[in-house]
2 protein chains.
Amino acid sequence: MAAARTRSPAVPRKRQSPEARREEFIRKAAEFFAEEGFAGGTRELAAKLGVTQPLLYRYFPSKEELIQAVYRRVYLDRWNPEWDALLADRSRPIRERLQKFYEAYTDAIFDREWLRIYLASGLAGAEINRWYVSVVETRILTRIVAEFRNEAGLPAQEPPAPGELELAWILQGGIFYYGVRKYIFDSPVQEDKARVISNALDIFFEGIAKVFGAKTKVRTRAVRRA
Amino acid sequence: MAAARTRSPAVPRKRQSPEARREEFIRKAAEFFAEEGFAGGTRELAAKLGVTQPLLYRYFPSKEELIQAVYRRVYLDRWNPEWDALLADRSRPIRERLQKFYEAYTDAIFDREWLRIYLASGLAGAEINRWYVSVVETRILTRIVAEFRNEAGLPAQEPPAPGELELAWILQGGIFYYGVRKYIFDSPVQEDKARVISNALDIFFEGIAKVFGAKTKVRTRAVRRA
DNA sequence: AATCTTGCTTATCGTACGATAAATTATCGG
DNA sequence: CCGATAATTTATCGTACGATAAGCAAGATT
């Protein structure tokens, strides 16, 4: 399979810098582990890379370190810094900002590789997964709460209450699970992603006012129980 | 470790029937694979069971068959048939029915074992996972759609449109992701589950009317795009 | 109590894994 | 072109895995 490399390379590939080669390994390893899971073998990965298995250990001291590098690559390279400004830009209506943000954000993370590595790393209890959850809270959900506090005439500068974040998580989860169904479970889904986001936002915007007001003023609304 | 079993057993355990013993193996295997992942070794599992590794092969022809048995056990044993009647009982308000249903349903599936095996089997591409997604659609979401069609004065007997199911998935996902955060990601969450469900339902009920009506009548509502 | 049956263990096989060392090939500076 | 240096391969080690075969021992049967 990876034999035609020994003598003259069919494509006389210019030698890459060690850093670039390492990056290439990480990139392909992300694809590989996304499909095979982190229990996938280093030999099979090396075959996918077109090299022999011991070469991996020239670039990474252990399989575990390689996996950590894959984590960092997958988690850190997707956030677009412009989104911070987009979410905070009060010259545009919040509804429009969130629509554009979620379309762009899901363009970035809704693919088989990202979602599979995200969930697999979460199942593995990876530290970076917990870190990312807190990133979502500070970068996305806290801003959403702040905007709704602002719209409701409430003080928006103070940090959101846990219960307020939990409300925003409902929106986040409703959208996120669409990606899980499509790319992890391979379920048939409505293909128009922008429409799904629009619907989720419509529901959230219509519904949040009542809940949000009742929640932040006084917690007297009875919770029906069994 | 599993040595004190050779001679007289400390607890002279009554010999169980082969079926019961097999069930015990499956139950403990579910615990084990939930924690270790399906890449966990049969030796370690046997140690947890207090038996030797080859004994597993007396009850299951292969590790794969054992995993399939774990799938069936985890997926099939949680649905309470009473929930079908609960969801369909129009003598009670739909809001109340859904609150009670989701409280009971999440009592059943929101634990570390179920959620971890559900997601791991989904990542593994297990057939039963896709089957379960369709079960959720027919048993839960289709009923929710039917109830809202009924409330909106629309014909409720015909099967839900894909877009209508997608709306109900937003609710389902919003609630489900709460469990994922708590039991898979080990994130700090608002502890009052009934309240989270109540909030999700409040948002959904307030928001759905507008979206649902607009959606099922005529698809003229513009979707904002980039 | 003797015998049969079956649950369980001990011993072991072949394979695949992660990792290391040594040899080999390719690239680059002079 | 040559020698140094780095990139890659070949060969191999120790271990852990899934699985099988043979033996032993505990109940059950008569």
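Per chain, numbering begins at 1; letters A, B, ... match sequence-line order.
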Find the distance [X]:[atom1] to [N]:[atom2] and express it as a whole number of Å.
X	N	atom1	atom2	result
R22(A)	dA6(D)	CZ	P	17 Å
L49(A)	dT9(D)	CG	P	11 Å
R43(B)	dC17(C)	CZ	C1'	14 Å
L45(B)	dG18(D)	CG	C1'	13 Å

**Study point:** Any N/O donor-acceptor pair, R21(B) side-chain to dG7(C) base, under 3.5 Å
**Key:** no

Review point. Nearest of dT10(C), dT10(D), dC17(D) to any side-chain atom of T52(B)?
Key: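 Of the candidates, dT10(C) comes closest.
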
Point to revise | Neighbour count above 12 (heavy atom, 6.0 Å) for E82(A) CD | key: no

Review point. Between F38(B) and Q53(A), which is nearer to the 5' end of DNA chain D once each is assigned its nearest nucleotide?
Key: Q53(A)

Review point. In degrees rounded to 10°, what angle is found between the helical axes fit to the five outermost pairs at each end of the helix from dA1(C)-dT30(D) to dG30(C)-dC1(D)?
Key: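 One end axis against the other gives 10°.
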
Practice item. Would you jot down, in residue-number order, the residues of residues 54-66 of chain A having a non-hydrogen atom under 4.0 Å from DNA chain D? Key: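 Under 4.0 Å from DNA chain D: P54(A), L55(A), R58(A), Y59(A).
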
Check: [X]/[Y] side-chain N/O donor and acceptor closer than 3.5 Å:
X	Y	answer
T106(A)	Y178(A)	no
N129(B)	Y75(B)	yes
Y102(B)	Q172(B)	yes
Q99(B)	R95(B)	yes
E19(A)	S17(A)	yes

Practice item. Could you tell me how the ring of F101(B) sits relative to the ring of Y105(B): parallel (under 30°), tilted (30 to 60°) or perpendicular (over 60°)? Key: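 If you compare the ring of F101(B) with that of Y105(B), the planes turn out parallel.
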
Practice item. Could you tell me whether Y118(A) and Y183(A) have their ring centroids closer than 6.0 angstrom? Key: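 Not under 6.0 Å, so no.
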
Review point. How about W169(B) and F185(A): are their ring centroids closer than 6.0 Å?
Key: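 Here the rings of F185(A) and W169(B) have centres that are no less than 6.0 Å from each other.
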
Check your understanding: Taking OP1 and OP2 of dC17(C), is either one under 4.0 Å from a side-chain nitrogen or oxygen of T42(A)?
Key -> no

